[in-house]
There are 2 protein chains.
Amino acid sequence: MPTSDGPPTVETIAARAGVSIASVSRVLNGHGARPNTVRRVEQAAAELGYVPNGVARSLKGGRTRQLTFAMPDVGNPAYVSMVRQIQAVTKPLGYRLLLHSTDAVAEDELDVVRSLADRTSDGLILCPIRVTDAHMEVLARAARPVVVIGSLPGTAAVDSVRADSVSGTVLAVRHLMECGRRRIAFINGPADTVPGRNRLIGYETALREAGAVPDPELIVTTDFGIEAGARAAHRLLDAHPGIDSVFCANDQLALGAAHAAHDRDLRIPEELAVVGMDDSELARAGHPALTSVDLGSAERGRIAAEMLVARLDGGRHEVRCETVAPRLSVRESTTGARTRTAAGVS
Amino acid sequence: MPTSDGPPTVETIAARAGVSIASVSRVLNGHGARPNTVRRVEQAAAELGYVPNGVARSLKGGRTRQLTFAMPDVGNPAYVSMVRQIQAVTKPLGYRLLLHSTDAVAEDELDVVRSLADRTSDGLILCPIRVTDAHMEVLARAARPVVVIGSLPGTAAVDSVRADSVSGTVLAVRHLMECGRRRIAFINGPADTVPGRNRLIGYETALREAGAVPDPELIVTTDFGIEAGARAAHRLLDAHPGIDSVFCANDQLALGAAHAAHDRDLRIPEELAVVGMDDSELARAGHPALTSVDLGSAERGRIAAEMLVARLDGGRHEVRCETVAPRLSVRESTTGARTRTAAGVS
DNA sequence: GTGAAAGCGCTAACAC
DNA sequence: GTGTTAGCGCTTTCAC
């Protein structure tokens with residue numbers, strides 16, 4: 001029996017309303033009771049400012065109404081838009097969102113999956129930087145439903161949503177060729193990742209399908225980042241002045257490339273067309289605004305959230321694996337419309 | 001007594017190790033036991049892959065090891081850098097982070113504070129868009145420690161960290177004057193907020209201290225956003241062609257202003273110097289890179305987290321209120337170093 | 001050092 | 001309808 005101190009509990013309310021704790025629980029959960037009982041309980045609860053203890057509730061019910069989202073980097077706009085969509089799906093359903101930034105450390109990712117066993121979260125959306133055997137092993141034993149945003153081996157018994165960076169890259173390179181570009185350089189991010197490899201495949205595919213031969217000299221692999229992009233572009237332009245366009249593995253790299261072009265007095269897009277990837281706010285921020293491939297971060301986030309929710313209150317339906325189609329946002333860095341230099345020159 | 005199904009509990013371990021659940025708990029929490037007991041419990045736990053139920057633990061201990069961060073918009077880089085710093089402080093201490101995007105809806109903010117009563121989170125860092133009387137009232141009754149990032153009335157009994165947008169604006173405007181600018185326009189964000197008013201104060205203060213008279217004609221109030229910034233800049237430049245510089249209330253507005261300048265063939269910074277605020281990644285993304293005032297989002301996040309943690313495991317020390325000093329990041333949009341146009345012209 | 005037992009606050013059988 | 005009671009899984013007295 002709670003004494004004067006401490007927050008009110010079902011017992012406090014029961015005492016005040018002159019009923020049993022069971023009635024309090026029933027009324028508060030809308031399980032029907034005599035009108036008089038309802039009134040008295042509700043009044044007592046209101047007067048005391050009662051709020052049910054969520055932890056106790058979770059212990060009893062086995063569900064916490066909490067979901068976890070683990071991604072490599074909170075700062076990355078692509079993941080931010082996933083967060084936003086996940087929130088949009090789950091918040092109306094009454095879920096809270098736990099955020100976990102793994103800093104792209106694989107062991108951290110594994111720990112997140114393992115810690116599902118502490119029953120603190122009802123489910124997990126995991127966005128791994130790279131999927132290893134250890135991942136597959138841990139995922140197979142996960143204590144709660146998991147949805148992976150990324151590419152899993154076909155054998156995996158885990159729901160997943162993947163981007164299609166091959167097609168995305170093809171879109172970009174094809175667009176550059178349609179703009180009349182022939183010497184198309186490629187600034188790729190880390191190549192030892194699935195997306196890194198896929199972009200390379202896409203780049204070569206698009207060129208070949210147009211009857212062109214990919215020139216390894218025009219491909220640079222580097223870390224993500226504006227500075228890295230600028231350095232890579234300078235290197236390419238030093239070695240191959242004939243380059244008329246560059247496709248970059250993300251918007252930061254593309255902005256860096258644009259900076260390099262400006263530094264060398266190259267007009268965008270007349271002398272160098274630039275295409276980025278992710279279609280983040282940065283693409284719009286650049287001058288001229290960057291044409292960019294949207295790999296559907298937002299949509300992947302939304303779908304992952306929907307899959308997880310379905311798994312949570314749904315039954316044991318089969319494993320799902322969806323692929324989100326890329327989309328090209330065409331802006332001035334390839335078409336030249338509305339840019340200052342274009343206006344000044346033409 | 002747990003049957004074969006369900007995850008292992010203290011009872012499962014106890015049975016397997018041939019000891020009581022109390023001993024299991026002691027060993028698992030390092031409370032000392034006979035070496036033999038320790039060995040057997042640890043072995044049993046390892047074999048069964050036991051992970052303690054965090055919810056049960058929380059119910060008993062009254063602490064969830066969860067913290068909540070509520071801010072207006074997950075997408076805003078300023079808040080993202082707060083998230084990052086808060087993580088950096090609290091994660092090593094074993095806290096999980098619950099994220100809450102209020103979309104700048106005051107009622108949502110109030111709900112977050114109220115819901116602390118459900119004991120689901122040990123503490124809250126709240127970043128309100130605007131502090132109302134209702135906020136103060138709810139904050140005063142908060143069931144858990146709260147730290148506010150923002151300006152609170154002096155009477156508030158709540159820890160807080162505030163930015164100094166007055167000084168920040170003064171820094172920016174003073175810098176422009178030191179660069180020889182005299183017709184300094186001001187594109188402000190929503191003026192009915194504390195930061196909005198403070199920026200106006202700072203703008204007028206800096207001009208007056210230099211013996212100049214603020215011209216209301218050179219001040220535009222608008223929503224945040226790149227488009228809004230471009231429109232505002234065009235309007236200003238149409239009406240007052242003599243403007244030689246513009247200070248903007250955030251980086252988005254500044255980027256918009258830069259786009260407008262480019263559209264009108266105005267060279268930055270020769271013909272129009274531009275200063276932004278927040279020093280987000282966008283500032284670096286612009287071309288030329290934007291000079292921007294850093295209001296210390298990251299530092300505010302860090303300090304808020306430290307305050308909350310101190311309040312959590314510390315005693316009842318007095319209410320703290322810290323102010324973070326702004327810092328100016330000078331880049332090409334005011335100095336002209338390294339920009340293409342500068343190089344081309346000089 | 002160890003075990004039995006109480007209890008954190010809640011929900012849900014189960015009797016009445 | 002309503003009250004009594006039994007747990008959810010854990011930590012922590014309290015005896016031994």
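To find a chain, count down the sequence lines: A is the first, B the second, and so on, and within it residues start at 1.
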It should be established whether A:S23 places a side-chain nitrogen or oxygen under 4.0 Å from OP1 or OP2 of nucleotide D:dG3. yes
Can you give me the bend angle of the helix from C:dG1-D:dC16 to C:dC16-D:dG1? Use the axis through the first five pairs and the one through the last five, nearest 10 degrees. 40°
Check whether any side-chain heavy atom of B:E109 sits under 4.5 Å from a side-chain heavy atom of B:V138, and report yes or no. no
Below 4.5 Å, heavy atoms only, C-beta onward: do B:M136 and B:L152 meet side chain to side chain? yes
Taking only N and O in the side chain of B:S58, is any of them less than 4.0 Å away from OP1 or OP2 of D:dC10? no
Counting neighbours of CG on A:N36 that are heavy atoms of other residues, nucleotides or ligands and sit closer than 6.0 Å, is the number greater than 12? yes
Using a cut-off of 4.0 Å on non-hydrogen atoms, how would the nucleic acid contact of A:V19 be classed: base, sugar-phosphate, or nothing? sugar-phosphate
Are B:D118 and A:R65 within salt-bridge range, i.e. N to O under 4.0 Å? no
Would you find a donor on one side and an acceptor on the other, under 3.5 Å apart, between the side chain of B:D103 and the backbone of B:V105? no
Which pairs of donor and acceptor atoms, one on a side chain in residues 17-25 of chain B, lie under 3.5 Å apart (sequence neighbours left out)?
| from | atom 1 | to | atom 2 | distance (Å) |
| --- | --- | --- | --- | --- |
| B:S20 | OG | B:A22 | N | 3.4 |
| B:S20 | OG | B:S23 | N | 3.3 |
| B:S25 | OG | B:N29 | ND2 | 3.4 |

Could I get a table of every N or O pair under 3.5 Å where one atom is in the protein and the other is in nucleotides 10-12 of chain C?
| from | atom 1 | to | atom 2 | distance (Å) |
| --- | --- | --- | --- | --- |
| C:dC10 | OP1 | A:Y50 | OH | 2.2 |
| C:dC10 | OP1 | A:N53 | N | 3.2 |
| C:dC10 | OP2 | A:V10 | N | 2.5 |
| C:dT11 | OP1 | A:N29 | ND2 | 3.4 |
| C:dT11 | OP1 | A:R57 | NE | 2.8 |
| C:dT11 | OP1 | A:R57 | NH2 | 3.2 |
| C:dT11 | OP2 | A:S25 | OG | 3.0 |
| C:dT11 | O2 | A:K60 | NZ | 3.1 |

Can you check the A:I13 CD1 to C:dG9 C1' distance for me, whole Å? 12 Å
What's the separation between atom CZ in B:F69 and atom CD in B:Q87, rounded to the nearest 0.5 Å? 10.5 Å
Is a donor on one side and an acceptor on the other found under 3.5 Å between the side chain of A:D122 and the backbone of A:T64? yes
